[in-house]
Amino acid sequence: MSIRHLSLIALVAAFSPAFAATPLAAQLTAYASAARSENPAFAGFSAQRGEVLHRTEFGRGKPDSPACASCHGQDPRQPGTARSGKRIDPMALSVTPGRYADPAKVEKWFKRNCDEVLGRACTAQEKGDWLSFVASR
Amino acid sequence: MKMTLRPLVLVALAAGFSALVLGSARAGGSHFFPPVSEPLVREECGSCHLAFAPSMLPAASWRKMMGELDRHFGEDATVDPEIARKITAWLVANAGDSGGSRYGAKLLRGVDAGAAPQRITGLPKWVREHREVPDWEWRHKEVRSKANCVACHADAERGYYED
């Protein structure tokens, strides 16, 4: 049920004209096809899984940043704080609408931050889940 | 004659005085460092920390820093090589011992010519200026890091570092 449900949401999102035209939607589509080739059983992205990813303390990257939430905070609608003390604008698309408009920038930060939190690159599945999470908030 | 000249002299004196004051205010005395105006540098150097003014370090410092971005104060801050080249050129052109020397000269006092200090907070002049800040203030949760200028200098983003 849940997988069918999720694919339905993904379908609706992909075909709603306002969303389909955004660079974020295009990037999610690209991650989806990458995820399918990483795993033939790929069944769409999940904002719920993205939220779990966001909060999980992996502790395999930098000691300062066991989780995404260490710097970004648990609630993506709230600002975060970088190690330097600088404020990080909220990750939730509804609060910071300009975010995720540049796919190269999104990739740059996945590369840096996945390394610092998970100690490895994120999979396409993880990237898509997390983006779905912040886009849904 | 004397009576009519005197106000004129006064006006001239006042004008001269304010020109002097305004002139040094525009230069900001020793506490103004023009903020990063270049959008590319603002974006790439200003997302994790305040985009530090190029006049706060000598050109040699920026060259060294941009060559070691994979080990940038404990972070991998590498950027696309073409972007790195543009950023380096801009920082070097506006460094405290080149294009930005009228702003950076005082802060760079006591730095040997050719030296490439990496920490603005390690410059002798910086250390002297902050010697009265107690340890607990640095550890305050709103400060966290000596690189967080805006925690105390509210106008740092605009280049002003008065007390």
Side-chain angles (χ1 to χ4, degrees), chain A residues 23-24 27 58-76 78-93 95-122 127 130-131 134, chain B residues 35-36 39-53 56 65 68-84 86-87 118-122 130 133 135-158 161:
Chain A
L24 175 57
Q27 190 161 21
F58 293 93
R60 292 198 212 106
K62 293 257 168 62
D64 289 336
S65 54
C68 308
S70 315
C71 294
H72 291 292
Q74 298 280 336
D75 180 356
Q78 297 297 319
T81 311
R83 200 165 61 91
S84 67
K86 191 183 163 84
R87 174 194 146 102
I88 307 172
D89 287 338
M91 304 313 285
L93 191 59
V95 186
T96 316
R99 275 212 191 278
Y100 319 115
D102 176 0
K105 188 174 167 181
V106 173
E107 263 297 293
K108 179 180 90 176
W109 287 105
F110 272 136
K111 179 177 178 286
R112 284 184 184 169
N113 294 351
C114 291
D115 220 42
E116 290 185 356
V117 171
L118 294 98
R120 60 164 172 81
C122 287
K127 291 175 185 177
W130 186 85
L131 275 177
V134 290
Chain B
V36 171
L40 180 70
V41 182
R42 267 189 99 81
E43 167 70 24
E44 296 295 340
C45 308
S47 28
C48 298
H49 52 68
L50 171 73
F52 299 110
M56 291 181 167
M65 195 176 295
E68 303 173 344
L69 280 184
D70 57 328
R71 290 159 282 151
H72 187 67
F73 300 94
E75 308 277 336
D76 180 358
T78 41
V79 294
D80 176 84
E82 181 53 21
I83 289 177
K86 284 184 188 153
I87 294 173
Q118 295 295 288
R119 281 180 196 274
I120 294 165
T121 57
H130 295 84
V133 179
D135 208 41
W136 66 264
E137 275 193 60
W138 292 122
R139 288 198 314 261
H140 191 280
K141 71 176 175 54
E142 300 289 325
V143 180
R144 294 166 77 119
S145 150
K146 285 185 180 173
N148 191 10
C149 311
V150 288
C152 304
H153 302 286
D155 262 346
E157 299 262 13
R158 296 195 299 124
Y161 292 82

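The chains referred to below are lettered A, B, ... by the order of the sequence lines, with proteins before strands, and numbering in each begins at 1.
Of all the heavy atoms in R112(A) and V79(B), the pair that sits closest is NH2-CG1, 3.6 Å. In terms of heavy atoms, R83(A) sits closest to S145(B) at O-CB, 4.1 Å.
W109(A) is listed as a side-chain neighbour of S47(B), based on a closest heavy-atom distance under 4.5 Å. Considering only heavy atoms from C-beta on, K141(B) stays 4.5 Å or farther from T81(A) through its side chain.
In this structure, chain B has no heavy atom under 4.5 Å from any part of R87(A). Residue contact with chain A, scored on non-hydrogen atoms closer than 4.5 Å, is absent for V150(B).
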Residues D76(B), K111(A); criterion side chain to side chain contact (heavy atoms under 4.5 Å, CB included); working and verdict = CA-CA 10 Å; D76(B) 180 358; K111(A) 179 177 178 286; 4.2 Å; yes
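Within a 6.0 Å sphere centred on CZ of R120(A), heavy atoms belonging to other residues, nucleotides or ligands number more than 12.
Electrostatic pairing of E75(B) and K62(A) counts as a salt bridge here, judged by a charged N lying under 4.0 Å from a carboxylate O.
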